[in-house]
Participant: 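Questions regarding the structure given below will be posed in turn.
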Amino acid sequence: MAERLYRAVPADALRIVPLDDFTLIFHRPSGLSHLVTAPAPEILELLEQGPLTRAALLARLGERFELADASVEALDARLGELVATGLVEAA
Amino acid sequence: MGFRVGSDWRAPIAELERLYAGYPQPEDGIPDFTVRLFAARPWRRWLRPAVTLGGDFVLPDAAPLPLAQGLLAAEMAMNLQMALGQRRYLLLHASAVERDGCAVLMTGLSGAGKSTLAALLGARGWRLMGDEFALVDPATGLVHAFPRLVSLKNAAIDVVRAALPEARFGPLLAGTPKGDIRHLVPDAEAVARMAEPAQPALILFPRFGFDAAERGLGPSEVFVRLTQASTNYVALGERGFEAMTRLVREVPARAIDYPDADSAIAQVETLWSAL
C-alpha cells in the first residue's frame, strides 16, 4: 500500500497573515479563522512546494526549521489537526 | 442606524421619546431594525406586567423583565438587533471616545468599566462615540459611532453624576439582573457628530478593582480578545477577517488595571499622549 501523501489546499483557499508567534489563517471554504503556531505555518509552507509523506515532511522540517526535536507523534497530531480543519489535504 | 419600537405599554416608549429627544430620524425615514416589547400572555399587560423582548432577531430563552424596567428591556432589545443583525460593520462590544479624529476603543467583561470610562472621558473633552458597540467599517478601517444611552451600573452611577452634574439621566432602575442601572443621555456633541467616524488609535482592555498596572498586548492576543468581543465576526466572513487583522496589526493595544476612575482616566491620558 502506498504511503499516505499530504498536500496543500489550493492557494486561493487560504489567507495567511503572520502576526507574531502566531499566524492567522482564514479558510475561505469554511469561513473559519485559525490562529496557529509552529510548526503549522512551516508545514503549510513546505507542502506548497509539493505533496510529501509524513516521513519526508518530518525530515524537511528538521532540515529547514531546526525542529529536530519534534517527535513523530507530535507531528502526527499537528498534521491531523491541519487535515481536520481543511488546511491540508490527505490523500 | 434607526429603530422602530413597538410596545404593549406606553411607559417604555415615553421614556425612549424623552431620552432620545435630541436624536435625528433615519436619513431615508426607514428604520434598520424593529423591536417589540410585548406581554407573553394578554393578562400580563396588567397583572404583574412583564416585558418580553421581540423584534427582527430574538433570543428564544430571554427572560421577561418587569414593566418598571421597560426602558432596560427596550435598550436590550435594540442591542440584540445590532448584535445579531448588523452586517455592514464589524461590531465590537466596546465603548469608544474620540479626540482629534482618533478613537480609543475600550472593551472588557461586564463590570470592567467601559461605559463608566467612556462617560468620564466624555466629561473631560473627549467625544463620546458609544458605550456598547464600536462599529468598524471593513472598507476603510474607520470606527463609526453608535452613541446610545450610556448604561451605568451600581457605584458608577454616582461617580458619573458627580462628574457630569448638568447631564440628563433616565430613571433609576433598581434590582435589575445586573444590579441598579441608570442611563446617561449622551451630550449634544455626541449626538450632533454621530455620523463622523474616527481612525482607531488605541485599544484598551480595562479591568476595574485592581492596583494600577498596564501591559502591552501582542496582535494575536488582541485578535483572540476582539473576536470574543465581536458579535458578528464569523457572520461577516472574509470582510470580518480583513477588518480584524487590520485592526490588530495597526493599532496598539494595552491592558490596564485600575483601582478607581481617577486612576484609569490618568492612565488613558498618559497612554494617549505617548502615542
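Predicted model, so just to flag it, every value in this text is computed and none were measured. Convention: sequence-line order gives letters A, B, ...; per-chain numbering from 1.
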Participant: What's the spacing between A:Leu35 CG and B:Phe223 CZ if we round to 0.5 Å?
Facilitator: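 Separation between the atoms: 6.5 Å.
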
Participant: For A:Glu81, enumerate each residue passing the side chain to side chain donor-acceptor pair (under 3.5 Å) test, keeping only those at least two apart in sequence or located in another chain.
Facilitator: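 Expected list: A:Arg78.
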
Participant: May I have a list of the donor-acceptor pairs under 3.5 Å that connect chain A with chain B?
Facilitator:
residue, atom, partner, partner atom, Å
A:Arg15, NH1, B:Glu238, OE2, 2.7
A:Arg15, NH1, B:Glu242, OE2, 2.9
A:Asp20, OD1, B:Ser220, OG, 2.8
A:Asp20, OD2, B:Ser220, N, 3.0
A:Asp20, OD2, B:Ser220, OG, 3.2
A:Arg28, NE, B:Glu238, OE1, 2.8
A:Arg28, NE, B:Glu238, OE2, 3.1
A:Arg28, NH2, B:Glu238, OE2, 2.6
A:Ser33, OG, B:Tyr233, OH, 2.4

Participant: From A:Leu32 CG over to B:Phe241 CZ, what is the distance, rounded to the nearest 0.5 angstrom?
Facilitator: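 Going from CG on A:Leu32 over to CZ on B:Phe241, the span is 11.5 Å.
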
